[in-house]
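Naming convention: chains lettered A, B, ... in sequence-line order (proteins, then strands); numbering from 1 in each chain.
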Amino acid sequence: MTTSAERPSDFIRDIVAEDVRTGKYKQIRTRFPPEPNGYLHIGHAKSICLNFGIAREFAGICNIRMDDTNPAKEEAEYVRSIMTDVHWLIDGWADNHLGGAPFFASDYFPKFYEYAVDLVRAGKAYVCDMTPEETDAYRRLGKASGFRDRSIEENLDLFAQMKSGEFPDGARTLRAKIDVNAANVWLRDPVLYRIRHASHHRTGDKWCIYPMYDWAHTLSDYIEGITHSICTLEFEVHRPLYNWILDALELPEPRPHQYEFARLNLTYAVVSKRKLVQLVNEKLVNDWDDPRMLTITGLRRRGVTASALRTFAYNIGITKYPSLTDMALLEHTLRDEFNRIATRRLVVLRPIKVVLTNYPEGKIEELDAINNPEDPNAGTRKIPFGRKLYIDSDDFMETPPPKYFRLRPGGEVRLKYGYIIKCDEVLKDAAGNVIELRCTVDLESKSGGPTAGRKIKGTIHWVSAAHAIDAEGRLYDRLFTVPEPDAAGDFKSFINPNSLEVVNAKCEPALGDANPEKRYQFERLGYFALDPDSTPERQIWNRTVTLREPGQK
RNA sequence: UACCCCGUGGUGUAACGGUAACACAGCGCCCUUUGGAGGCGUUAUUCUUGGUUCGAAUCCAAGCGGGGUAGCCA
């Protein structure tokens, strides 16, 4: 069974456990450091579960830190959405390990600047006047900048002028003086500060020099007392620079250490902020919270629960191998949880009318139905039954294939919790579409009745026409038609044209007081959740995931 | 091209020098008033070649394959 174990095992947790054992740190402290330039997605969820998971397993703390060092890209709106999503995901699980209010790298700008001055004083950084193109070219050639050997006094003076706004954007940078010939290009005198006369979402126009990722991130970790700085694989080559910064500043122990793991890839999906932005901007989906998006907000709207997402994160594990996880594993995780908790209801998605010709006009019966066969405490409810019903058009075929167990002309089927019916007549419109089935009921076959035990292969769901509640059903499918949409060519050309189907559903009356927090199984169809756009007059149901379907349908 | 990292069934992971396991997916059977769930069974794995060792998925080397980096983005 796939349930969330208390202590997952992976190479990072092994390291943390060892550090705890040796008493290397007083307390374990991790961090989740998003840049507020977009919405969080399922890959971030993996990282959040890792960092907060470690905090809760080792009695530690996890900080949320906005890595807001690039004023051109970042917005307060993203800060808000990030906090909403993280809180939702860790609520009741690791929220008591959260390091207080969100931290902001921008709050450390003054400290970053002081450290930079220290670095210059130590002769380990210099102001460089080369253009970005020249810098690139020199770096590629392993050639030293002509400004590399400026005096400390001149560097100090120039850096102060950079800060006070004496120079235009891009005119100068502060660079670390490391090794222009290093095999690792990130050690070839990396840029630490650049000039950007731009308004920052928090510091406004106070600064016109902004720290680069490596400088800001390393020092933020140090300032916050982070012990284990966990990031994705693309930062692996930055680790020597991370350590160089700590060494160059001669920062006292305890110091943070960086570890890297593989980001999440999923079949039939894209999981990268850049691509998700495109889907939104090019209107290929409705918005960031479109239920087809693997953003946390989209998943939430679709009906995915935080606990299921956490279980999924546990199931996929943590390694350094850049794997591709089967979307079926996510779907399995969802079904596994929902099967246990979902309230069962009868809903017809694509109705056909059925008239029971031998059932008395005006007669209504109340049938007993089980709310959740997996949970006896969920109890039962009554479902009204009458002469006119709706069944799903999928459950009737005029000329069915061999293994079709449902209704056919002259055939019998059992109505869940009700009677066995037989199809006598098929009525069609001028276009030849089936519009009504006229059936007869075996009046003794009701649950508990004399012929209730008759062996009938198929059981289908139904709704009383007189009592049905009309509702909108939004049936989602995977957003892409191929397992690896970004493997070759333009991923947007593989968008599934049928990723959303809207239907007018007929729901049993018990759904009238449906709870948006609850999960429902529409029997034989799938798991559904109420969309926030629902109104008291009209419900909108999002299909989170279908029931598992056998090979062919 | 250079540097770094990673290679365990179809997929995701475990095994921490002692003879490969769990989950997903697939297939078959049983059960079923959800073609769901559940039960039982089953297919299938250590990239290659050397080396170290009594013993290697595990340690070493080379090769092959995959990924990452080479922004004044993060």
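A search for side-chain hydrogen bond (donor to acceptor under 3.5 Å, both in side chains) contacts involving A:Lys457 returns nothing, not counting sequence neighbours. For A:Asp486, the salt bridge (charged side-chain N to carboxylate O under 4.0 Å, His left out) criterion is met by A:Lys275, not counting sequence neighbours. Considering only residues two or more places apart in sequence or on other chains, A:Glu444 meets the salt bridge (charged side-chain N to carboxylate O under 4.0 Å, His left out) condition with none of them. Contacts of A:Arg543 classified as salt bridge (charged side-chain N to carboxylate O under 4.0 Å, His left out), with partners at least two apart in sequence or in another chain: none. Listed by chain and residue number, nothing satisfies the salt bridge (charged side-chain N to carboxylate O under 4.0 Å, His left out) test with A:Arg548 (two or more places apart in sequence, or in another chain). In terms of the side-chain contact (heavy atoms from CB on, under 4.5 Å) criterion, residue partners of A:Pro401 (sequence neighbours excluded) are, by chain and number, A:Met397, A:Tyr404.
Rounded to whole Å, the distance from CG on A:Leu192 to C1' on B:G71 is 14 Å. Distance CG (A:Asp14) to C1' (B:A15): 12 Å, rounded to an integer number of Å. Atom pair A:Leu329:CG and B:G10:P shows a separation of 17 Å (rounding to whole Å applied). Rounded to a whole Å, the CG atom of A:Asn315 is 12 Å from the P atom of B:A14. One interatomic measurement links the two molecules: OH of A:Tyr527 to P of B:U34, which rounds to 13 Å at whole-angstrom precision. The distance from atom CG of A:Asn339 to atom P of B:G39 is 11 Å, rounded to the nearest whole Å. Distance CZ (A:Arg140) to P (B:C3): 17 Å, rounded to an integer number of Å. One interatomic measurement links the two molecules: CZ of A:Arg335 to C1' of B:G35, which rounds to 13 Å at whole-angstrom precision.
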Completion exercise
The dot-bracket string of RNA chain B, counting Watson-Crick and G-U wobble pairs with both distances under 3.5 Å, using [ ] for crossing pairs and | for pairs to another strand, is (((((((..((((....[..)))).(((((.......)))))....(((((..]....))))))))))))....
Give every pair of a protein N or O atom and an N or O atom of nucleotides 72-74 of chain B that lie under 3.5 Å apart, one pair per line with the distance.
from  : atom 1 : to       : atom 2 : distance (Å)
B:C72 : OP1    : A:Asp136 : OD1    : 3.0
B:C72 : OP2    : A:Arg139 : NH2    : 2.7
B:C72 : O2'    : A:Arg196 : NH2    : 3.0
B:C72 : N3     : A:Gly170 : O      : 3.3
B:C72 : N4     : A:Met130 : O      : 2.4
B:C72 : N4     : A:Pro132 : N      : 3.3
B:C72 : N4     : A:Gly170 : O      : 3.3
B:C73 : OP1    : A:Arg196 : NH2    : 3.2
B:C73 : OP2    : A:Arg194 : NE     : 3.1
B:C73 : OP2    : A:Arg194 : NH2    : 2.9
B:C73 : O3'    : A:Arg194 : NH2    : 3.1
B:C73 : O2'    : A:Asn70  : ND2    : 3.0
B:C73 : O2'    : A:Lys73  : NZ     : 3.4
B:A74 : OP1    : A:Thr69  : OG1    : 2.8
B:A74 : OP1    : A:Arg194 : NH1    : 3.2
B:A74 : OP1    : A:Arg194 : NH2    : 2.9
B:A74 : OP2    : A:Tyr213 : N      : 3.0
B:A74 : O3'    : A:Asp67  : OD2    : 2.9
B:A74 : N6     : A:His238 : NE2    : 3.3

Expected rows: protein N/O vs nucleotides 7-9 of chain B N/O, under 3.5 Å:
none

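For RNA chain B, none of the residues of residues 258-274 of chain A falls under the heavy-atom distance limit of 4.0 Å.
The A:Pro373 side chain lies nearest to B:U34 when the options are B:G35, B:C6, B:U34. Each of B:U13, B:G35, B:C6 was ranked by its minimum atom distance to the side chain of A:Phe405; first place goes to B:G35. Set against B:C24, B:G12, B:C16, the side chain of A:Ser9 has B:C16 as its closest nucleotide. Side-chain proximity of A:Thr325 to B:G35, B:G12, B:C24: nearest is B:G12. Comparing B:C24, B:G12, B:G36 by their nearest atom to the side chain of A:Ser323 picks out B:G12. Side-chain proximity of A:Glu523 to the nucleotides B:U34, B:A14, B:U11 is greatest for B:U34.
For residues 160-173 of chain A, the pairs satisfying salt bridge (charged side-chain N to carboxylate O under 4.0 Å, His left out) are A:Asp129-A:Arg172, with sequence neighbours left out. Judged as a salt bridge (charged side-chain N to carboxylate O under 4.0 Å, His left out), not a single pair has a partner in residues 36-51 of chain A (not counting sequence neighbours).
The 5' end of RNA chain B is approached more closely, in terms of each residue's nearest nucleotide, by A:Arg239 than by the other of A:Gly317 and A:Arg239.
Base engagement by A:Lys416 is indicated by at least one non-hydrogen atom pair under 4.0 Å involving a base atom. Within the 4.0 angstrom heavy-atom criterion, only backbone atoms of the sugar-phosphate kind lie near A:Leu324; the bases stay farther away. When heavy atoms are screened at a 4.0 angstrom cut-off, A:Ser447 is found touching base atoms of the nucleic acid. Nucleic acid contact for A:Tyr404: base, since at least one base atom lies under 4.0 Å from a heavy atom of the residue. Base engagement by A:Leu547 is indicated by at least one non-hydrogen atom pair under 4.0 Å involving a base atom. Contacts of A:Arg548 with the nucleic acid, taken as non-hydrogen atoms under 4.0 Å apart, involve only primed sugar atoms and P, OP1 or OP2. Here A:Val237 lies in heavy-atom contact (under 4.0 Å) with a base. As judged by a 4.0 angstrom heavy-atom cut-off over every strand, A:Gly418 is placed among the base-contacting residues.
No donor-acceptor pair closer than 3.5 Å links the side chain of A:Asp392 to the backbone N or O of A:Asp394. Remark: the backbone N or O of A:Ile420 is paired with a side-chain donor or acceptor of A:Ser445 at under 3.5 angstrom. Judged by distance alone, with hydrogens and angles left aside, the side-chain atoms of A:Tyr520 form no donor-acceptor pair with the main-chain N or O of A:Leu511 at under 3.5 Å.
Nucleotides B:U13 and B:G63 are separated by 27 Å at their C1' atoms, to the nearest Å.
In terms of polar N and O atoms assigned as donor or acceptor, the side chain of A:Gln521 comes within less than 3.5 Å of the base of B:U34 in a complementary pairing. Between the base of B:G35 and the side chain of A:Arg406 there is a donor-acceptor pair shorter than 3.5 Å. The base of B:G67 is not paired with the side chain of A:Glu236 by any donor and acceptor separated by under 3.5 Å.
A salt bridge does not link A:Arg519 to A:Glu337: none of the charged side-chain nitrogens sits closer than 4.0 Å to a carboxylate oxygen. Here A:Lys73 does not pair with A:Asp68 in a salt bridge; the nearest charged N to carboxylate O distance is not below 4.0 Å. Using a 4.0 Å cut-off between charged nitrogen and carboxylate oxygen, A:Lys422 and A:Asp442 do not count as a salt-bridge pair.
Side chains of A:Arg344 and A:Asn372: a donor on one and an acceptor on the other come within 3.5 Å.
Closest of all the heavy-atom pairs between A:Ile15 and A:His228 is CG2-CE1, 4.3 Å.
In this structure B:G17 sits in the anti conformation; its chi angle is more than 90° from 0.
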